[in-house]
Amino acid sequence: MATMVQAIRMALHVGEERLGVTDILGEDVGPPLGGVFTATQGLRTAWNTPLDERGIIGAAMGLALAGQRPIAEIQFCDYVYNTIDLLKLAGGMCWSSNGDFNCPMVMMTPVGSGIHGSLYHSHSFDATATHLPGWKIVMPATPRDAYGLMLSAIVDPNPVMFLAPKALMRVKSLPGEEIPGEPGDDKQLAKMIDAPLGDRSAWRPSWPDTPDLFIPFGEAKIVRAGETVTVVTYGRMVMECAKAADELRAEGITAEVIDLRSLHPVDWATIKKSVQKTNRVLYVNEETEVTNFGEHLIRRTVDELFYELHAPPRLLAGAFVPYVGLAPSLESASVPQRAGIVQAIRELAKHRP
Amino acid sequence: MNTSPIHHATNGVDAHLAPDLLVRMHELMLQTRLLEERLITMIRQGDGYFWIGGPGEEAFNVPLGLLVNKGEGLSHDYLHLHYRSSGTLLALGAEPIDSLRQMKSVKTDPYSGGRNFVGHYSARKWNVVPISSPIEVQFSMAPGTAIAQKRAGGRGITIVQGGDAGTAEGDFATCLIWASRPGNELPLLMIVTNNSYGISTTYGTQHGEPRISDRGKAFGIKTATIDGNDPEVSYRELQKAMEYVRTERRPFLLEAHVSRLYGHSSSSGANFVEDEVDGLARFEARLVERRILSRATLDDMRTRMTAELLAAYQKVREEAPPDPSSIWDHVFATKNVNDGGAR
Ligand SMILES: Cc1ncc(C[n+]2csc(CCOP(=O)(O)OP(=O)(O)O)c2C)c(N)n1
């Protein structure tokens with residue numbers, strides 16, 4: 001069973017062999033390291049850039065304008081902030097030129113907390129990212145979704161942000177969620193596509209034959225079906241919400257957990273249908289809570305579903321403080337935890353208008 | 001005013017350029033100047049919201065446009081320009097009326113559909129990537145097209161241009177670094193058109209380096225600083241620099257001293273500045289002296305072009321603004337047009 005990072009790597013391989021990817025560029029993405037999370041090991045088109053995030057995004061834009069298919073990695077989303085005006089330009093390239101040019105590039109970057117990452121390896125980026133029109137934004141929660149969303153990102157004619165939850169990079173697929181063609185045995189897959197420790201100069205990966213499994217943007221996935229409360233989430237929080245829903249079954253509360261998978265475009269139809277059934281909704285993500293994407297979804301919920309709600313829509317998100325602190329007590333006080341999710345669902349379920 | 005030392009880099013050959021070429025350069029320089037003056041008149045008459053452009057840079061930008069290997073795709077030159085590039089665009093073949101359209105923010109503006117300021121060109125048919133207002137970002141994007149061209153082989157190069165003040169941005173350093181990675185040097189011509197001002201801040205108060213071009217030297221980049229107010233010098237030096245970049249597939253940093261004849265933009269009044277070199281006037285005097293053109297011919301040209309621009313203005317004035325609903329157009333592309341729509 002592939003981990004998410006292996007799934008990304010296999011998707012990138014398919015991208016460069018069959019879907020026209022020309023460049024996978026970023027800090028330490030080429031040999032010998034193949035990325036700090038190993039996402040780009042053994043890839044033919046991966047190359048190391050100078051330590052210059054603006055240069056990486058700028059070069060990817062130039063490559064895209066010149067008919068290439070670049071995938072730019074920002075090593076941690078914590079270091080993407082000095083590129084925001086370039087991201088703005090990439091998202092606006094088609095609009096500002098009135099359709100004369102488009103900007104088909106993928107920006108992939110690890111996001112979120114959960115790896116004891118301290119101040120500068122725990123940031124999320126989805127709130128800022130979703131403020132940038134012209135970008136499609138995806139955030140997988142499983143290896144299979146990471147694989148299929150990456151393939152869709154590669155062939156999209158627009159800039160696509162692929163936000164990969166840091167804490168899920170080493171999490172394996174669940175049974176039934178394998179990528180078709182991957183070997184069933186973890187050790188065998190590792191032997192095939194993980195670079196060995198030590199000298200790797202002679203190593204070549206042996207790629208499993210995986211198909212063009214495109215997961216379309218804007219199609220959410222119902223991770224747990226339920227009737228009492230709708231829980232809308234993405235990324236690392238999907239698993240936490242699913243586990244919270246499982247815990248609450250014993251109390252007779254069934255939460256319907258929706259994994260959005262893509263934020264732009266967002267699958268509003270699935271959210272709406274579920275809320276019309278449960279009449280209660282909780283949005284969960286780990287970004288800081290002020291001007292959070294969940295707030296946007298609450299606004300839409302109020303606009304369109306106000307008279308169908310039996311409880312105020314809620315958002316459970318990161319504390320609006322500058323950083324996520326390193327001590328576990330600080331981190332768990334800063335980003336949503338399972339107990340808090342359970343509590344919020346329970347309160348919504350019990351709320352009487 | 002340019003106070004920095006100017007090195008007239010020449011190859012020792014002092015032969016004049018062919019008269020036909022001089023006449024062609026002059027025609028485009030004059031057309032560019034008259035276009036800019038028409039745009040300034042439009043802003044004064046309330047036919048636009050903002051003017052910025054390149055009067056005072058014609059003697060450099062026109063030769064640049066004439067020397068470009070124009071076309072679409074990797075075998076042609078990519079242009080990452082800024083908002084003073086009308087001379088380059090006219091030399092490529094752009095129609096003056098289209099600049100009036102962008103100034104008037106009408107639907108027919110071919111560069112942005114009435115969305116952007118004047119001088120913010122986009123022309124995929126000539127590899128002119130969209131010009132944007134943020135200073136210097138083009139220097140971060142240019143390595144990308146140059147990487148693709150290096151890989152493709154051939155003689156296509158990337159040209160990136162910006163002002164002097166903008167070189168303080170990190171993007172300029174980005175470009176120097178990315179253009180000169182050992183073993184991956186890029187076919188990239190970096191141009192700084194130095195008018196010795198930001199908006200109001202003078203170069204000398206912020207920069208300790210006597211010449212911007214010297215910054216290329218630390219990276220092993222070939223450099224030159226030239227008098228960009230002289231079209232003959234500009235033509236020759238650009239030709240040399242481009243030939244080097246085309247054949248050696250390595251970067252070149254060219255600094256051209258130019259004038260800013262109507263100030264920074266309409267925000268600073270757009271009034272004619274008396275104390276800077278007027279490259280067009282100087283060139284015209286030279287053409288008359290060498291008996292290539294007569295004063296009478298020059299006057300006729302000016303009268304004819306002025307009338308043409310007036311007629312164009314009268315046409316544009318009647319053209320429709322963009323439809324409000326068009327704000328939703330092109331937020332997303334439905335296919336990739338940059339690779340000729342292949343995918
Ligand atoms: C990043 C950024 N900062 C500030 C501005 C506002 N601004 C517009 S033009 C300009 C001066 C640019 O000077 P220079 O680079 O020398 O080019 P010039 O206009 O003189 O050709 C400034 C500060 C901007 N457009 N972009």
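Here is how names work: the chains are called A, B, and so on, in the same order as the sequence lines, proteins then strands, and each is numbered from 1. Values in this document were obtained by computation on a predicted structure and should not be read as measured data. Reckoned from all heavy atoms, side chains included, excluding hydrogens, waters and symmetry mates.
The residue among B:Q138, B:M141, B:R115 with the most heavy atom pairs within less than 4.5 Å of chain A is B:R115. For the set B:S326, B:S112, B:C175, B:A146, the entry with the most heavy-atom pairs within less than 4.5 Å of chain A is B:S112. Of the listed residues (A:P104, A:P50, A:G99), the one with the most heavy-atom contacts under 4.5 Å to chain B is A:P50. Ranked by non-hydrogen atom pairs under 4.5 Å with chain B, the options A:L25, A:I56, A:L65 are led by A:L65. When each of A:D156, A:N102, A:V155 is checked for heavy-atom pairs under 4.5 Å with chain B, A:N102 comes out on top. For the options A:A66, A:P133, A:A60, A:C103, heavy-atom pairs under 4.5 Å to chain B are most numerous at A:A66.
Distance CG/B:N116 to OG/A:S97: 10.0 Å, rounded to 0.5 Å. Residue B:T174 holds its OG1 atom at 11.5 Å from CD1 of A:I57, rounded to the nearest 0.5 Å. For the atom pair CG of A:D85 and CG of B:D171, the computed distance is 7.0 Å after rounding to the nearest 0.5 Å. Taken from CD in A:Q68 to CD1 in B:I147, the straight-line distance is 9.5 Å, to the nearest 0.5 Å.
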Mind listing the side-chain donor-acceptor pairs of residues 125-133 of chain B below 3.5 Å, one per line with the distance, residues two or more places apart or on another chain?
residue : atom : partner : partner atom : Å
B:N127  : OD1  : B:G73   : N            : 2.9
B:N127  : ND2  : B:G71   : O            : 3.2
B:N127  : ND2  : B:G73   : O            : 2.9
B:N127  : ND2  : B:D77   : O            : 3.2
B:S133  : OG   : B:H120  : NE2          : 2.9

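For NZ of A:K221, the number of neighbouring non-hydrogen atoms (other residues, nucleotides, ligands) closer than 6.0 Å is greater than 12. Residue-environment remark: OH (B:Y49) stays at or below the threshold of 12 foreign heavy atoms within 6.0 Å. Annotation for A:D303: atom CG counts as buried by contact number, over 12 foreign heavy atoms lying within 6.0 Å. No more than 12 heavy atoms of other residues, nucleotides or ligands sit less than 6.0 Å from atom CZ of B:R250.
Panel note: side chain A:N158, backbone B:A333; a donor-acceptor pair is recorded below 3.5 Å.
The parts of A:D100 that come within reach of chain B are both its backbone and its side chain, each placing non-hydrogen atoms under 4.5 angstrom from that chain. Of the two parts of B:A148, the backbone and the side chain both hold a non-hydrogen atom closer than 4.5 Å to a non-hydrogen atom of chain A. For A:D23, the part lying near chain B is the side chain, with the backbone staying farther off; criterion is any non-hydrogen pair under 4.5 Å. Both the backbone and the side chain of A:K136 come within less than 4.5 Å of a heavy atom of chain B. The contact between B:T334 and chain A is made entirely by backbone atoms, counting heavy-atom distances below 4.5 Å. Contacts between B:Y78 and chain A at a heavy-atom distance below 4.5 Å involve the side chain alone, from C-beta outward.
By the 4.5 Å heavy-atom criterion applied to side chains, B:E136 and A:R54 are not counted as neighbours. A heavy-atom distance below 4.5 Å is found between the side chains of A:L63 and B:R151.
Heavy-atom minimum distance, A:L86 versus B:S140: CD1-CB, 4.3 Å. Taking all atoms of both residues into account, the shortest heavy-atom contact from A:W95 to B:D329 is CD1-O, 3.3 Å. Heavy-atom minimum distance, B:N338 versus A:A64: ND2-O, 3.0 Å.
For the residue pair A:D52 and B:W178, a side-chain donor N or O sits within less than 3.5 Å of a side-chain acceptor on the partner.
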Worked check of side-chain contact (heavy atoms from CB on, under 4.5 Å) between A:N48 and B:R181: CA-CA 11 Å; A:N48 293 329; B:R181 294 163 62 231; 5.9 Å; no
